[in-house]
Asks: 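Sharing a structure with you now.
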Protein chains: 2
Amino acid sequence: MEAVLSRKEQIERTATALFKTKGFSATSMRDLANALGIEAASIYSHIKSKEEILQRVCFRMAQEFFDALDTAESINGTATERLQRAIAAHVQVLTKNTAASAVFLHEWRHLSEPYLTEYLSLRDRYEGRFREVIREGISNGEFSVPDEKFATLMIFSGLNWIHTWYKPDGKMNPEEIAENLSAMLLTGLNNTQHNTSVNPIHLNTPN
Amino acid sequence: MEAVLSRKEQIERTATALFKTKGFSATSMRDLANALGIEAASIYSHIKSKEEILQRVCFRMAQEFFDALDTAESINGTATERLQRAIAAHVQVLTKNTAASAVFLHEWRHLSEPYLTEYLSLRDRYEGRFREVIREGISNGEFSVPDEKFATLMIFSGLNWIHTWYKPDGKMNPEEIAENLSAMLLTGLNNTQHNTSVNPIHLNTPN
DNA sequence: CCTACCGATCGGTAGG
DNA sequence: CCTACCGATCGGTAGG
């Protein structure tokens with residue numbers, strides 16, 4: 001886990017943490033330099049601009065979400081199973097780097113064009129794939145829900161709220177979070193009761 | 001609805017819209033002045049500082065949320081009914097002013113002390129009251145959920161995601177959003193199936 | 001509500 | 001990676 005980071009990676013990681021805590025706009029290049037122990041001007045040997053850091057974080061995270069979803073969807077199954085896997089994949093990416101996730105979720109609006117438009121379209125495509133699974137589940141009778149779009153919204157709300165409370169040393173690990181989330185979401189979605197197969201997990205305390 | 005606004009209210013409302021779109025830090029007093037059609041210096045005849053506007057918005061919204069919850073909880077009933085009413089109250093406040101809600105939910109971190117601490121403690125108390133209803137529902141058997149804290153988190157995630165997609169002229173009005181949200185959340189919470197009593201509502205299209 | 005202005009800080013560059 | 005510095009802009013004040 002403690003791999004050697006290039007200076008550029010160090011800058012990106014430190015900036016991400018600052019962007020998360022203070023926000024992109026309120027973080028100055030001098031704040032960043034200070035956290036790195038160098039002068040502000042020196043940062044520019046490694047990156048072109050402050051916004052470039054934000055771009056890299058946002059699009060790297062987008063890539064990670066897509067990759068995880070691709071892997072999750074490469075396995076066949078019922079709509080329920082596929083949704084569960086998609087949720088688990090999303091939670092994994094989210095919890096693996098909470099700072100980058102927070103930046104991805106909240107600081108993207110400081111992207112300038114054409115990055116902003118591209119970011120928005122990536123998000124749309126990603127959400128569309130979840131909506132597709134739900135649509136299938138509705139049409140084959142697995143899910144019973146008044147509005148497919150609303151259901152997708154609910155899933156993403158639960159998913160993207162995680163970074164606000166998740167602590168790596170908390171009582172739930174990412175797998176348990178995903179299972180609990182799926183359980184809570186699916187029992188609301190499921191028409192017939194395979195509640196027992198969704199098994200919400202109880203707490204083990206690792207610390 | 002189109003009441004006469006004092007200059008101070010005008011400033012607050014315009015600032016709120018800008019804070020929502022650009023964020024607190026990225027909004028300058030010159031941006032605000034420009035939107036109002038006056039000079040930046042003139043704003044200071046009405047307010048003491050940029051942060052004062054943020055403080056007013058955050059604590060006014062906190063007050064509105066508490067007032068709505070007080071009213072909702074003044075009516076007795078089962079835990080299910082009380083949770084439904086609390087959710088509806090929250091949705092009402094949220095949708096009544098989406099800009100102020102967005103600022104309340106995302107810009108509070110730019111509050112300085114002691115306001116930050118007070119804000120955080122207000123939120124904690126508010127969430128605690130939802131947690132209390134859930135706790136009661138669990139202990140009297142209405143709800144079946146592995147973790148009370150997790151359930152509360154899920155409710156707030158669904159609740160506080162609304163402002164990102166809610167459109168006043170969309171196909172769901174606040175009451176319908178609340179009912180759909182309750183339905184989706186409660187059927188996940190409910191042990192016995194009073195699904196039919198929760199009645200998720202279908203779309204009427206006002207526009 | 002304006003003009004005129006303040007010191008501080010911003011993102012970023014030149015040149016080594 | 002640093003020193004030295006740039007023009008622009010920041011939140012805010014004085015005085016009317």
Side-chain angles (χ1 to χ4, degrees), chain A residues 4-59 99 103 106-116 119, chain B residues 4-59 99 103 106-116 119:
Chain A
V4 179
L5 296 178
S6 70
R7 196 88 245 217
K8 186 163 184 170
E9 286 167 331
Q10 244 181 81
I11 290 171
E12 233 179 88
R13 184 168 295 209
T14 308
T16 302
L18 288 170
F19 290 172
K20 180 197 170 145
T21 331
K22 314 181 55 157
F24 175 78
S25 294
T27 302
S28 73
M29 293 306 267
R30 277 140 185 105
D31 290 335
L32 178 52
N34 213 286
L36 289 160
I38 59 177
E39 292 301 315
S42 307
I43 298 172
Y44 290 91
S45 329
H46 301 96
I47 54 130
K48 287 206 295 286
S49 68
K50 183 184 171 185
E51 201 199 302
E52 195 207 14
I53 306 176
L54 181 63
Q55 289 160 13
R56 291 175 60 92
V57 175
C58 286
F59 290 102
V103 171
H106 295 304
E107 304 302 323
W108 55 266
R109 62 179 163 177
H110 296 110
L111 252 19
S112 64
E113 295 294 357
Y115 302 100
L116 184 60
Y119 172 90
Chain B
V4 180
L5 296 179
S6 71
R7 195 90 243 217
K8 186 163 185 170
E9 286 167 330
Q10 246 181 78
I11 290 171
E12 232 179 271
R13 184 167 295 208
T14 308
T16 302
L18 288 170
F19 290 171
K20 180 198 170 147
T21 331
K22 315 182 52 157
F24 175 78
S25 293
T27 303
S28 74
M29 293 307 267
R30 277 141 185 104
D31 290 335
L32 177 54
N34 214 286
L36 289 161
I38 57 174
E39 293 300 316
S42 307
I43 298 171
Y44 291 91
S45 328
H46 302 94
I47 54 129
K48 287 205 298 282
S49 67
K50 183 184 171 185
E51 201 198 302
E52 194 206 14
I53 306 176
L54 182 63
Q55 288 159 15
R56 290 175 61 92
V57 175
C58 287
F59 290 102
V103 171
H106 296 303
E107 305 302 324
W108 56 265
R109 61 179 162 176
H110 297 109
L111 252 20
S112 64
E113 295 294 358
Y115 303 98
L116 184 61
Y119 172 90

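Chain letters run A, B, ... following the sequence lines, proteins first and then strands; every chain starts at 1. Computed from a prediction, not measured in an experiment: that's the story for all the values here.
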Asks: Given atom CD1 of B/Ile47 and atom C1' of D/dT13, what is their separation to the nearest angstrom?
Replies: 13 Å

Asks: Could you tell me whether a side-chain N or O of A/Lys50 sits under 3.5 Å from a main-chain N or O of A/Phe24, the two making a donor and an acceptor?
Replies: yes

Asks: Can you tell me the distance, in whole Å, between the CD1 atom of A/Ile38 and the C1' atom of D/dC2?
Replies: 10 Å

Asks: Select from B/His46 and A/Thr27 the residue whose nearest nucleotide in DNA chain C is closer to the 5' end of that strand.
Replies: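 Of the two residues, B/His46 wins.
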
Asks: At less than 4.0 Å, is any side-chain N or O atom of B/Ser28 found next to OP1 or OP2 of D/dT9? Yes or no.
Replies: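 Result: no.
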
Asks: With a 3.5 Å cut-off and no angle check, do the side chains of B/Gln10 and B/Arg13 form a donor-acceptor pair?
Replies: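 No, B/Arg13 and B/Gln10 have no side-chain donor paired with an acceptor closer than 3.5 Å.
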
Asks: Could you tell me the separation between the NZ atom of B/Lys50 and the C1' atom of D/dT13, rounded to a whole number of Å?
Replies: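 It is 17 Å, rounded to the nearest whole Å.
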
Asks: Rounding to a whole Å, what distance do you find between B/Leu32:CG and C/dC1:P?
Replies: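 Atom CG in B/Leu32 sits about 12 Å away from atom P in C/dC1.
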
Asks: Please determine, for D/dG16, whether a Watson-Crick or G-U wobble partner exists with both distances under 3.5 Å, and give it or none.
Replies: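 Pairing partner, where one exists within any strand: C/dC1.
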
Asks: Taking only the side-chain nitrogens and oxygens of B/Arg30, find out if one of them lies under 4.0 Å from OP1 or OP2 of D/dA8.
Replies: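 No.
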
Asks: Determine the contact category for A/Ser45: base if any of its heavy atoms lies under 4.0 Å from a base atom, sugar-phosphate if only primed atoms, P, OP1 or OP2 are that close, otherwise nothing.
Replies: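 Counting heavy atoms under 4.0 Å across all strands, the contact made by A/Ser45 includes a base.
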
Asks: Output yes when a side-chain donor or acceptor of A/Asp31 lies under 3.5 Å from a complementary backbone atom of A/Ser28, and no otherwise.
Replies: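 Indeed, once roles are kept as given, a pair shorter than 3.5 Å links the two residues.
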
Asks: Would you mind reading off the distance between A/Lys48 atom NZ and C/dG12 atom C1', rounded to a whole angstrom?
Replies: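 Interatomic distance, NZ of A/Lys48 to C1' of C/dG12: 14 Å.
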
Asks: For A/Tyr44 and C/dG15, what is the distance between atoms OH and C1' respectively, to the nearest whole Å?
Replies: 17 Å

Asks: Grab the CD-P distance between A/Glu39 and D/dC2 for me, whole Å please.
Replies: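 So the CD-P distance, A/Glu39 to D/dC2, works out to 5 Å.
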
Asks: Answer yes or no: is there a side-chain heavy-atom contact under 4.5 Å between B/Val57 and B/Lys20?
Replies: no

Asks: Please answer whether the main-chain N or O of B/Lys48 pairs with a side-chain N or O of B/Glu52 as donor and acceptor at a distance below 3.5 Å.
Replies: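 Yes, the answer is positive, given that a donor and an acceptor are paired below the 3.5 Å cut-off.
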
Asks: In this structure, how many angstroms lie between the C1' atom of C/dC1 and the NZ atom of B/Lys8, rounded?
Replies: 17 Å

Asks: Measuring from the side chain of B/Ser42 (C-beta onward, heavy atoms only), which nucleotide among D/dT13, D/dA4, C/dC1 has the closest atom?
Replies: C/dC1

